[in-house]
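This report refers to the structure that appears directly beneath it.
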Amino acid sequence: MQSQSNPIYPVLWQDNQVLLINQTLLPNQYEVVKINSYQDMAKAIKTMIVRGAPAIGIAAAYGLYLGARDIKIQERETFFKELEIIAEELRQTRPTAVNLFWAISRMLKTVSETAGTVEDIKQILLKTAQEIQAEDLETCQKMGDNGLLVLPPEPQKLTLLTHCNAGALATAGYGTALGVIRSAWTAGRLERVYADETRPRLQGAKLTAWECVQEGIPVTVISDNMAAHCMQKRLIHAVFVGADRIAANGDTANKIGTYGLAVISQMHNVPFFVVAPLSTIDFELANGDLIPIEERHPSEIYQVGETRLCPDGVDYYNPAFDVTPANLIKAIITEKGVVKPSELLTLKG
Ligand code: MRU
């Protein structure tokens with residue numbers, strides 16, 4: 001069985017390398033993968049050793065530094081050209097979570113505005129990656145505090161439902177949606193969390209449940225198709241989910257199945273909240289139709305472990321994310337406060 005350190009940090013900078021918790025093996029095996037090159041980081045993001053929007057951004061930032069570290073050129077302009085090639089390779093890993101693009105842009109912008117030698121620039125890249133990571137942790141804690149403000153006043157002990165894993169494993173630590181649930185637990189407002197298993201990759205059953213067990217938070221795992229029944233039975237008081245990219249009008253891309261959950265929440269009058277840092281908001285995109293949706297390999301659907309589920313001769317469609325229209329979202333909880341989706345633009349810096 002797994003052993004781990006508490007709190008949970010999915011990405012760690014230690015001894016001049018990046019340590020990633022291998023999220024593809026949890027909960028059965030706790031393994032830390034050492035990453036020393038940008039190519040290995042790109043592979044780790046693609047294969048979901050590290051996953052979750054903010055964690056992907058942090059990993060990509062360190063990946064860019066690792067790539068820069070290996071560039072031998074000392075001439076600034078040529079160095080920047082090489083750096084851009086590495087940045088582009090990292091951008092190609094996963095298309096939906098905007099934090100990936102945001103983190104790479106921030107890294108590049110910081111150094112493009114810096115005078116100094118190539119060696120200075122490399123150090124600034126490392127420092128910026130560390131800042132992105134430290135800020136995300138702080139941001140998650142603020143979102144946790146802000147989330148307490150929207151909890152239904154009754155009953156005192158709430159049952160909250162979440163989808164996928166928007167926890168410590170998906171961020172620098174603590175989490176977005178699961179961060180709010182953690183804060184509710186600490187504040188004595190949580191009876192239990194219902195975790196959708198989240199087909200096909202099972203981030204809810206594997207990762208959210210694992211995080212809750214680490215902290216002694218009571219958790220009930222349900223398969224995705226049970227959520228409507230649970231709401232009909234009045235078992236759920238509110239839903240909190242994370243986000244991979246939020247368009248300027250509040251339409252929100254998150255793990256496939258989130259949209260369906262929002263529809264049934266509205267049907268049952270269960271408040272539906274999105275929890276996300278400002279780095280997940282893409283003010284450049286007017287609405288959710290413009291969000292690129294990743295499609296992953298069909299094997300995620302047709303097999304579980306080594307067991308094949310479906311007969312030969314069938315076709316597959318495996319979108320990894322869907323878009324929840326803004327009108328189904330009661331509020332978006334950010335580090336800067338709680339806003340209605342229609343008020344999102346007020347947060348633009
Ligand atoms: O495919 P994944 O596991 O990277 O998808 C993760 C999600 O959809 C999360 O809900 C989202 O990134 C928010 S994480 C704080």
Side-chain angles (χ1 to χ4, degrees), residues 1-70 86-87 89-97 99-100 103-104 107 122 125-126 128-134 136-137 140 164-175 178 198 200-211 213-214 242 244 255 294 296-297 299-300 303-306 320:
M1 211 40 185
Q2 73 276 2
S3 71
Q4 53 94 200
S5 63
N6 226 341
I8 300 160
Y9 298 127
V11 184
L12 258 192
W13 176 253
Q14 207 172 79
D15 301 329
N16 291 318
Q17 61 189 347
V18 181
L19 305 183
L20 298 178
I21 297 176
N22 186 343
Q23 300 192 36
T24 65
L25 299 181
L26 288 172
N28 296 318
Q29 202 181 325
Y30 184 87
E31 179 196 80
V32 172
V33 180
K34 294 176 179 165
I35 304 285
N36 280 291
S37 70
Y38 84 90
Q39 292 95 336
D40 282 354
M41 187 61 92
K43 202 164 157 206
I45 297 171
K46 262 191 202 153
T47 57
M48 296 174 67
I49 285 175
V50 59
R51 35 65 53 203
I56 292 172
I58 295 160
Y62 280 116
L64 191 63
Y65 164 68
L66 292 175
R69 188 173 70 176
D70 287 345
I86 294 164
E89 208 166 309
L90 289 163
R91 285 188 201 104
Q92 293 301 323
T93 51
R94 296 194 72 190
T96 304
N99 304 63
L100 173 80
I104 293 172
M107 295 278 285
K122 290 180 184 178
L125 284 170
L126 175 58
T128 309
Q130 290 171 315
E131 277 168 11
I132 289 172
Q133 183 172 25
D136 187 69
L137 192 56
C140 284
C164 192
N165 172 266
L169 288 166
T171 58
Y174 204 73
L178 197 57
T198 318
R201 298 277 308 205
L202 304 176
Q203 290 95 330
K206 293 180 171 183
L207 306 179
T208 297
W210 181 78
E211 282 195 37
V213 167
Q214 301 307 307
D244 287 84
K255 181 52 53 196
E294 177 181 12
R296 293 189 64 86
H297 196 273
S299 59
E300 291 183 349
Q303 70 188 53
V304 171
E306 296 306 306

Has Glu31 got a side-chain atom pairing as donor or acceptor with Leu25's backbone, closer than 3.5 angstrom?
no
Gap between atom CD1 of Ile8 and atom CG of Leu26 - 0.5 Å precision
8.5 Å
Pairing residues for Thr47 by the side chain to side chain donor-acceptor pair (under 3.5 Å) criterion, not counting sequence neighbours:
none
For Glu211 and Ala168, indicate whether the former's side chain and the latter's backbone hold a donor-acceptor pair under 3.5 Å.
yes
Across all chains, not counting sequence neighbours, the side chain to side chain donor-acceptor pair (under 3.5 Å) partners of Arg91 are Glu84, Glu88
Counterpart residues, side chain to side chain donor-acceptor pair (under 3.5 Å), relative to Asn36 (two or more places apart):
Gln17
With sequence neighbours left out, write down each residue that passes salt bridge (Lys or Arg N to Asp or Glu O under 4.0 Å) with Glu294, or none if nothing qualifies.
Arg94, Arg296
Can you name the closest pair of heavy atoms from Ile104 and Ala87 and give their distance?
CG2-CB, 3.7 Å
Salt bridge (Lys or Arg N to Asp or Glu O under 4.0 Å) filter on Lys122, not counting sequence neighbours, yields Glu119
Indicate the atoms forming the closest heavy-atom contact of Gln14 with Leu19, along with that distance.
OE1-CD1, 3.4 Å
Counterpart residues, side-chain contact (heavy atoms from CB on, under 4.5 Å), relative to Glu306 (two or more places apart)
none
Which value, rounded to the nearest 0.5 Å, describes the distance between Tyr9 atom OH and Leu20 atom CG?
16.0 Å
Check the pair Asn165 / Lys206 against side-chain contact (heavy atoms from CB on, under 4.5 Å), numbers first and verdict last.
CA-CA 9 Å; Asn165 172 266; Lys206 293 180 171 183; over 6 Å; no
Trace of the side-chain contact (heavy atoms from CB on, under 4.5 Å) decision for Tyr62 with Ile35:
CA-CA 10 Å; Tyr62 280 116; Ile35 304 285; over 6 Å; no
Could you list the residues that satisfy side chain to side chain donor-acceptor pair (under 3.5 Å) with Tyr65, not counting sequence neighbours?
none
Over all atoms of both residues, closest heavy-atom pair of Gly173 and Pro10:
N-CD, 4.5 Å
Please find the pair of heavy atoms, one from Thr24 and one from Asn22, that lie closest to each other, and give the distance.
OG1-OD1, 2.6 Å
What residues form a side-chain contact (heavy atoms from CB on, under 4.5 Å) with Ala172, not counting sequence neighbours?
Ile58, Gln133, Asp136, Leu137
Pair Met48-Gln23, side-chain contact (heavy atoms from CB on, under 4.5 Å): steps then yes or no
CA-CA 7 Å; Met48 296 174 67; Gln23 300 192 36; over 6 Å; no
Closest non-hydrogen atoms of Gly63 and Leu90, given as atom of the first, atom of the second and distance, are C-CD1, 3.8 Å
When you measure from the side chain of Ser37 to the backbone of Leu66, do you find a donor-acceptor pair of N or O atoms at a distance under 3.5 Å?
no
Pairwise distance CG(Leu169) to OG1(Thr208) - rounded to 0.5 angstrom:
8.0 Å
Looking at side-chain heavy atoms only, is the closest gap between Ile132 and Met107 below 4.5 Å?
yes
Of all heavy-atom pairs linking Ala68 and Leu125, the shortest is CB-CD1, 3.5 Å
Return the CD1 to CZ distance between Ile56 and Arg51, rounded to the nearest 0.5 Å.
7.5 Å
Please tabulate, one pair per line, all N/O donor-acceptor pairs under 3.5 Å involving side-chain atoms of residues 38-46, not counting sequence neighbours.
unit_1, atom_1, unit_2, atom_2, d
Tyr38, OH, Glu89, OE1, 3.4

Measuring from atom CG of Leu64 to atom CZ of Arg69, what distance do you get when rounded to the nearest 0.5 angstrom?
12.5 Å
